Amino acid sequence: TIEKGSIWYKHTDIHSVESRISGNTAVVYSELQLTSEVGGHEVSFPFFVCEVYIKEGEAWKLLTLAFTKNRKISVNDNHMNAMGGVTIGF
């Protein structure tokens with residue numbers, strides 16, 4: 001577990017990144033493969049990541065960050081709707 005220090009994040013492969021900005025809000029969608037060691041065993045899982053930033057003055061600050069384990073989620077122009085959001089299909 002994380003509390004016992006038995007999870008070690010070893011490597012991240014970023015497969016795609018898409019971003020949308022509206023006013024002082026930015027949303028970044030990513031697909032990545034996270035490789036870690038858990039209890040002495042190496043594991044690797046694909047994740048869909050959503051980051052939301054707000055601009056305060058000249059600086060962008062992270063508001064929220066969400067990781068979702070995925071299987072066949074693809075972030076590309078075919079999945080982005082006209083409002084700048086993402087549609088996820090399985």
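Since the model is a prediction, treat every value here as computed from it, not as a measurement.
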So how far is it from [X] [atom1] to [Y] [atom2], rounded to the nearest 0.5 Å?
X: Ile21; Y: Lys55; atom1: CD1; atom2: NZ; result: 8.0 Å
X: Leu34; Y: Phe47; atom1: CG; atom2: CZ; result: 5.5 Å
X: Ser30; Y: Phe48; atom1: OG; atom2: CZ; result: 8.0 Å
X: Glu37; Y: Ser44; atom1: CD; atom2: OG; result: 13.0 Å
X: Leu63; Y: Glu56; atom1: CG; atom2: CD; result: 9.0 Å
X: Glu51; Y: Thr64; atom1: CD; atom2: OG1; result: 10.0 Å

- Residue pair Val49 / Leu32: nearest heavy atoms and the distance that separates them: CG2-CD2, 3.5 Å
pair [X]-[Y]: side-chain heavy atoms closer than 4.5 Å:
X: Cys50; Y: Val27; answer: yes
X: Val28; Y: Tyr53; answer: yes
X: Tyr9; Y: Val38; answer: no

- Message: His11: which residues meet the side-chain hydrogen bond (donor to acceptor under 3.5 Å, both in side chains) condition with it, sequence neighbours left out?
- Response: Asp13
- Item | side chain to side chain contact (heavy atoms under 4.5 Å, CB included) between Thr35 and Glu42, intermediate numbers included | CA-CA 7 Å; Thr35 303; Glu42 186 171 288; 3.7 Å; yes
